Amino acid sequence: MDEKRNSHKAPGRADRIGISLAEFFRRWPDDESAEEWFEAKRWPNGVACPKCGSINVRRIESRKPMPFRCRDCRGHFSVKYGTLMQSSKLGLQTWLLAFYLLSTGLKGTSSLKLHRDLGVTQKTAWYLAHRIREAMSIEDFDFCGPVEADETYIGGLEKNKHKDKRMKAAGGPVGKAIVAGVKDRCSNRVSARVVADTKAPTLTKLVADHVEPGTAVFTDEARGYLPLSKMGYGHFSVSHSVGQYVDGMAHTNGMESFWAMLKRGYHGVYHLMSPEHLHRYVNEFSHRHNVRPRDTDVQMADLVRLADHKHLPYERLIANGTWARRRELAH
């Protein structure tokens with residue numbers, strides 16, 4: 001194994017161990033080696049039945065009908081069972097490579113690139129990527145503060161839309177989806193979600209879900225944040241509308257940096273994040289931001305943990321529209 005800690009003269013994170021693409025295929029040249037890795041990460045204390053939790057498990061040499069059989073509940077299972085990979089016919093090396101690409105692609109990885117790199121159809125790559133994004137759903141954690149809170153708008157310009165899809169109003173955020181988020185300056189973690197509006201109950205709830213009263217909260221001048229002071233928070237704001245972006249400790253530059261990365265992915269990689277699936281893309285960028293300081297191997301292992309007890313049937317994924325609307329195609 002020749003993982004190397006990045007040189008401090010190299011760009012990007014130099015304090016963590018990365019895995020090159022060449023090293024990836026040396027470590028996991030086939031499905032068997034990938035399966036061993038998945039088993040070790042999912043069951044570090046030994047194989048356990050995902051149905052009943054028993055460790056009284058027998059490995060079946062013929063692998064028929066599955067590699068493992070629980071002696072207690074008598075069920076058969078594999079390392080895919082009970083995870084987002086369940087029922088997938090793709091090999092485990094393909095899944096592991098997808099984990100690797102989506103963990104290391106800072107601006108995202110389009111379904112067309114996955115289609116080419118994994119050797120699967122674009123439709124399969126699109127479904128596979130959304131299942132991984134489903135595993136990236138934000139975990140519950142509290143921020144110690146101080147925190148920044150901000151919101152942004154995602155979507156195309158009204159003038160660029162087909163005439164029958166334009167809204168009568170024009171300009172600004174019209175016709176766009178709203179994403180709000182908070183960033184903890186202490187841990188550098190971000191939590192972001194798609195919201196229905198920028199009214200006070202919506203924005204203050206986002207803060208209250210992660211931050212205890214008494215914490216300093218920095219925002220822009222949006223009126224939705226005004227009740228924070230009455231809720232016991234130390235609320236400080238800057239007025240972007242008059243060109244004020246920093247006032248001592250008061251600024252939202254951390255959240256603005258996160259929005260910039262999200263929009264680079266939107267414009268440069270995906271080109272379209274449909275409203276039906278926007279929350280998964282937001283989860284993807286939030287998760288990748290939060291685990292970025294970790295070694296690549298740890299990032300991939302985190303996805304194995306998060307994939308447990310997650311399932312996204314294709315029928316549910318496409319339930320809110322037609323396939324053509326959701327082909328996030330990229331060059």
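Side-chain atoms are counted along with the backbone in the values below, which use heavy atoms only and exclude waters and symmetry mates. Small disclaimer: the values here were computed from a predicted structure and weren't measured.
- Within a 6.0 Å radius of CD1 in I60, more than 12 heavy atoms belonging to other residues, nucleotides or ligands are found.
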Would you please test S257 and K183 for side-chain hydrogen bond (donor to acceptor under 3.5 Å, both in side chains) and show each step? CA-CA 11 Å; S257 177; K183 179 180 181 181; 5.9 Å; no
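- Atom SG of C52 and atom CZ of R74 lie 12.0 Å apart (nearest 0.5 Å).
- Taking both residues in full, the closest heavy atoms of K41 and A301 are given as CD-CB, 3.9 Å, listed atom of the first, atom of the second, then distance.
- Side-chain contact between I318 and Y127: absent, with no pair of heavy atoms (C-beta onward) separated by less than 4.5 Å.
- For W28 (side chain) and A34 (main-chain N/O), no donor-acceptor pair under 3.5 Å exists by modelled atom type.
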Decide yes or no on side chain to side chain contact (heavy atoms under 4.5 Å, CB included) for Y225 and S237, but give the supporting numbers first. CA-CA 9 Å; Y225 297 111; S237 63; over 6 Å; no
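- To the nearest 0.5 Å, atom CZ of residue R131 and atom CG of residue L90 are 7.0 Å apart.
- Contact check on K310 versus E134 returns no salt bridge, with no Lys/Arg side-chain nitrogen under 4.0 Å from an Asp/Glu carboxylate oxygen.
- S111 and Q122 share a donor-acceptor pair across their side chains, judged by distance under 3.5 Å alone.
- Both V194 and F258 belong to a common hydrophobic cluster when Ile, Leu, Val, Met, Phe, Trp and Tyr are linked at side-chain heavy-atom distances under 4.5 angstrom.
- Interatomic distance, W126 CH2 to Y314 OH, rounded to the nearest 0.5 Å: 5.5 Å.
- Under 4.0 Å is where a charged nitrogen must lie from a carboxylate oxygen, and between R280 and E284 no such pair does.
- Taking the six-membered ring for Trp and thresholds of 30 and 60 degrees, Y281 and H130 have ring planes more than 60 degrees apart, a perpendicular arrangement.
- Counting only heavy atoms from C-beta outward, the side chains of Y153 and T198 approach each other to under 4.5 Å.
- At a threshold of 4.5 Å between side-chain heavy atoms, the hydrophobic network of Ile, Leu, Val, Met, Phe, Trp and Tyr places W95 and V298 in two separate groups.
- Nearest heavy atoms, A48 versus I55: CB-CG2, 4.2 Å.
- Residues meeting the side chain to side chain contact (heavy atoms under 4.5 Å, CB included) test with A180, sequence neighbours left out: E151, V195, L203, L206.
- Residues S191 and F143 are in side-chain contact: their nearest non-hydrogen atoms beyond the backbone lie under 4.5 Å apart.
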Report the C-alpha distance between H240 and E221 in whole Å, list the side-chain angles of each, state the deciding distance to 0.1 Å, and finish with yes or no for side chain to side chain contact (heavy atoms under 4.5 Å, CB included). CA-CA 7 Å; H240 290 174; E221 72 272 36; 3.9 Å; yes
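- In terms of the ring-ring contact (aromatic ring centres under 6.0 Å, His included) criterion, residue partners of F38 (sequence neighbours excluded) are, by chain and number, F99.
- By the rule that hydrophobic residues join a cluster once side-chain heavy atoms approach within less than 4.5 Å of another member, M300 and V291 end up as members of separate clusters.
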Would T296 and F24 satisfy side chain to side chain contact (heavy atoms under 4.5 Å, CB included), going step by step from the backbone distance to the final call? CA-CA 11 Å; T296 302; F24 178 94; over 6 Å; no
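- Residues that satisfy the side chain to side chain contact (heavy atoms under 4.5 Å, CB included) test with D247, not counting sequence neighbours, are V238, Q244, A250.
- Here the side chains of C49 and D72 are not in contact, with every heavy-atom distance at 4.5 Å or above.
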One pair to check against side chain to side chain contact (heavy atoms under 4.5 Å, CB included): H235 and V207. What are the steps and the verdict? CA-CA 11 Å; H235 180 216; V207 174; over 6 Å; no
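- Of all the heavy atoms in A216 and F236, the pair that sits closest is CB-CE1, 4.1 Å.
- Counted by atom type alone, T252 and D220 present zero donor-acceptor pairs between their side chains at under 3.5 Å.
- Interatomic distance, CG of L84 versus CD1 of I132, reported as 6.5 Å (0.5 Å rounding).
- A side-chain N or O of D30 and one of S33 form a donor-acceptor pair less than 3.5 Å apart.
- Between the side chain of D31 and the backbone N or O of Q93, at least one donor-acceptor pair lies under 3.5 Å.
- Classification of the Y270-F285 ring pair by plane angle, with boundaries at 30° and 60°, yields perpendicular.
- By the criterion of side-chain heavy atoms lying less than 4.5 angstrom apart, applied directly or through intervening Ile, Leu, Val, Met, Phe, Trp or Tyr residues, L21 is grouped together with L118 in one hydrophobic cluster.
- In this structure, M261 and K107 have side chains that are in contact, with non-hydrogen atoms separated by less than 4.5 Å.
- The backbone N or O of H311 sits less than 3.5 Å from a side-chain atom of R316, completing a donor-acceptor pair.
- A donor-acceptor contact shorter than 3.5 Å links the side chain of K51 to the backbone of H76.
- Counting all heavy atoms, side chain and backbone alike, L102 lies closest to R288 at O-NH1, 2.8 Å.
- Remark: side-chain polar atoms of R185 are not paired, donor with acceptor, to backbone N or O of E148 under 3.5 angstrom.
- Annotation: side chain of V269 is not in contact with side chain of T109 (no heavy-atom distance under 4.5 Å).
- Side-chain contact check for T152 versus M255: every heavy-atom pair is 4.5 Å or farther apart.
- With rounding to the nearest 0.5 angstrom, the CH2 atom of W37 is 5.5 Å from the CG atom of L96.
- Residues R133 and L312 have side chains not in contact (no heavy-atom distance under 4.5 Å, counting atoms from C-beta outward).
- Taking each heavy atom of Y100 and I19 in turn, the nearest pair found is OH-O, 2.6 Å.
- To the nearest 0.5 Å, atom CZ of residue F68 and atom CZ of residue R58 are 11.5 Å apart.
- Residues M85 and V120 share a single hydrophobic cluster, defined by chaining ILVMFWY side chains whose heavy atoms lie under 4.5 Å apart.
- Residues N188 and H289 approach most closely at O-NE2, 2.8 Å, considering heavy atoms.
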